Structures are given as structure tokens and as C-alpha cells.
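Below you'll find the structure, written out as C-alpha cells, and then a few comments.
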Amino acid sequence: GGYHSKIYSNNTVDGQYGLLNTAFESCVNEWLEKGEYRSNFRIKSYDWWFNINNYRDYNNIHMHSGSDLIAIYYIQVPEDSGQLRMVRNDGAVYSKLGSMRSVYQCSCIPEHLYVFPGHLWHHVTANNSHIDRISVAYNIFLQ
């Protein structure tokens, strides 16, 4: 269920969305440069879209094939509107030692950006609120 807008590229933004995406680019590039990985990578391009999940809507488990990173920016997150869950997809999930750390979940916070590897399987649980959960998702390609 829910709404998934058309997919935009970083070349098709202007107005208020341009401001959002300029802030997004700056945040991710700074994280790449100064964060835990301290890499020389920068954003080459990205695709983005809106997701609106109504009452009882959720996002099935999936991954974003081909993207280096995935990002999700939460615009509106009502109480009891679901959790973001990321699932390891390597052999550790079948090990007794790794099974306790095979799923990471978080209650998402409005106006926060979550960035993780593009190959990571993830989903969002059901929105049990009668208020829409609204997010912007990004597929990020690095250079």
C-alpha cells in the first residue's frame, strides 16, 4: 500500500525540492569526507522519490540494486507509524553467533537522514497511525 511518487534525478530539481536536495548532498558528502569511513568518494548522481504510507501501509523487504548508498529522509513520522529495519544478507544471519545481530531496527525521527549501503535489504513496518508517514528515498551513486 501507500504512495510512491515518480522517480526524479538530481538533474530535475528546483524550488523547494532543490533546497532539500542541496542539503541532502551537502550532508552525505560531508559524512563521506569526515565520517567513520573518511573516504575520497563524492556523490556522482542520485535518484529520489517520495513515499507516503497511510494507515496499515508498509514497505516490503527489498534492496536497491546497483546503488552504492541508500538514504531515507523522514519528513513526517507520527507515533506508532512503523520502524525502519535493515537486514544483513550474508552468512552471519544463519550462524548462532550472528543471528542476534542480523536485524537492525530503529524508530525513525522526523528531519533525520538515514544512510546505509545500497546492497542492504530493508523494509518499513506497518503504519499503525491514522496519520501519514512521509519520507524521501534516495539511490546514491558515488564517484
Side-chain angles (χ1 to χ4, degrees), residues 1-54 56-95 97-129 131-143:
Y3 169 78
H4 182 299
S5 76
K6 73 177 190 173
I7 298 175
Y8 302 93
S9 76
N10 57 302
N11 297 322
T12 59
V13 298
D14 57 12
Q16 66 188 36
Y17 303 135
L19 293 175
L20 172 67
N21 289 324
T22 298
F24 154 78
E25 287 180 41
S26 175
C27 183
V28 172
N29 280 328
E30 182 176 333
W31 176 74
L32 287 165
E33 180 184 348
K34 299 178 181 176
E36 179 180 346
Y37 299 108
R38 297 188 186 272
S39 72
N40 292 323
F41 291 113
R42 292 285 174 270
I43 295 175
K44 177 181 178 182
S45 65
Y46 57 91
D47 299 324
W48 63 280
W49 60 94
F50 291 100
N51 289 306
I52 301 176
N53 290 93
N54 311 110
R56 294 195 175 164
D57 290 341
Y58 60 91
N59 299 98
N60 286 323
I61 191 164
H62 65 284
M63 50 95 82
H64 298 207
S65 180
S67 62
D68 296 306
L69 296 171
I70 301 166
I72 304 170
Y73 178 76
Y74 283 92
I75 296 172
Q76 179 173 290
V77 185
E79 189 172 325
D80 201 24
S81 65
Q83 293 185 315
L84 172 62
R85 292 185 178 165
M86 292 158 273
V87 181
R88 287 182 64 161
N89 56 343
D90 62 9
V93 300
Y94 303 107
S95 159
L97 296 174
S99 64
M100 295 180 66
R101 296 205 172 131
S102 62
V103 176
Y104 173 80
Q105 68 183 21
C106 63
S107 296
C108 298
I109 302 170
E111 300 181 11
H112 280 68
L113 181 68
Y114 298 82
V115 181
F116 50 96
H119 68 273
L120 200 57
W121 289 85
H122 60 283
H123 64 105
V124 182
T125 60
N127 178 2
N128 292 316
S129 168
I131 301 171
D132 295 343
R133 178 180 65 228
I134 304 172
S135 63
V136 180
Y138 295 88
N139 283 338
I140 304 166
F141 307 96
L142 301 176
Q143 61 180 3

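Because the structure is a prediction, the values reported are computed rather than measured.
- The line from CE of M86 to CD1 of I70 is 9.5 Å long, rounded to the nearest 0.5 Å.
- E111 CD: 12 or fewer foreign heavy atoms inside a 6.0 Å radius.
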List the steps, then state whether side chain to side chain contact (heavy atoms under 4.5 Å, CB included) holds for V124 with Y58. CA-CA 6 Å; V124 182; Y58 60 91; 5.9 Å; no

Going through the checks in order, is the side chain to side chain contact (heavy atoms under 4.5 Å, CB included) test met by I140 and F41? CA-CA 11 Å; I140 304 166; F41 291 113; over 6 Å; no

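- Checked by atom type and distance alone, the side chain of S26 never pairs as donor or acceptor with a backbone atom of T22 at under 3.5 Å.
- Taking all atoms of both residues into account, the shortest heavy-atom contact from V87 to I61 is CG2-CD1, 3.9 Å.
- Using a distance-only test at 3.5 Å, with no hydrogens or angles considered, a donor-acceptor pair links the side chain of N29 to the main chain of I43.
- Between the side chain of N21 and the backbone N or O of E25 there is no donor-acceptor pair closer than 3.5 Å.
- In this structure, L84 and C108 approach most closely via the heavy-atom pair CB-SG, 3.5 Å.
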Determine, step by step, whether L142 and K44 satisfy the side chain to side chain contact (heavy atoms under 4.5 Å, CB included) criterion, reporting the C-alpha distance in whole Å, the side-chain angles of both residues, the deciding distance to 0.1 Å, and the verdict. CA-CA 5 Å; L142 301 176; K44 177 181 178 182; 5.8 Å; no

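- Once rounded to the nearest 0.5 Å, the distance linking CD of Q76 with CD1 of I52 reads 9.0 Å.
- Atom-to-atom distance recorded for H64:NE2 and W121:CH2 is 10.0 Å, nearest 0.5 angstrom.
- Note that CG of L113 is 11.0 Å distant from OG of S135, once rounded to the nearest 0.5 Å.
- If you take OH on Y104 and CZ on R85, they are separated by 12.5 Å, rounding to the nearest 0.5 Å.
- Of all the heavy atoms in M63 and H122, the pair that sits closest is CA-CE1, 4.1 Å.
- Residues D132 and Y3 have side chains not in contact (no heavy-atom distance under 4.5 Å, counting atoms from C-beta outward).
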N139 and I7: CA distance, side-chain angles, deciding distance, side chain to side chain contact (heavy atoms under 4.5 Å, CB included) verdict: CA-CA 10 Å; N139 283 338; I7 298 175; over 6 Å; no

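- Here the closest heavy-atom approach between residue V77 and residue I109 is recorded as CG2-C, 4.3 Å.
- The aromatic rings of Y114 and H112 sit tilted relative to each other, their planes meeting at an angle between 30° and 60°.
- Residue R56 places its CZ atom among 12 or fewer non-hydrogen atoms of other residues, nucleotides or ligands, all under 6.0 Å distant.
- Across W31 and V115, no two heavy atoms sit closer than the pair CZ3-CG1, 3.9 Å.
- The CG atom of L120 sits 11.0 Å away from the CG atom of L69 when rounded to the nearest 0.5 Å.
- At least one donor-acceptor pair closer than 3.5 Å links the side chain of T125 to the backbone N or O of Q83.
- The two atoms that bring F141 and G66 nearest to each other are CE2-O, 3.5 Å, heavy atoms only.
- Taking the six-membered ring where the residue is Trp, F24 and Y46 present perpendicular rings, their angle passing 60° and hence far from 30°.
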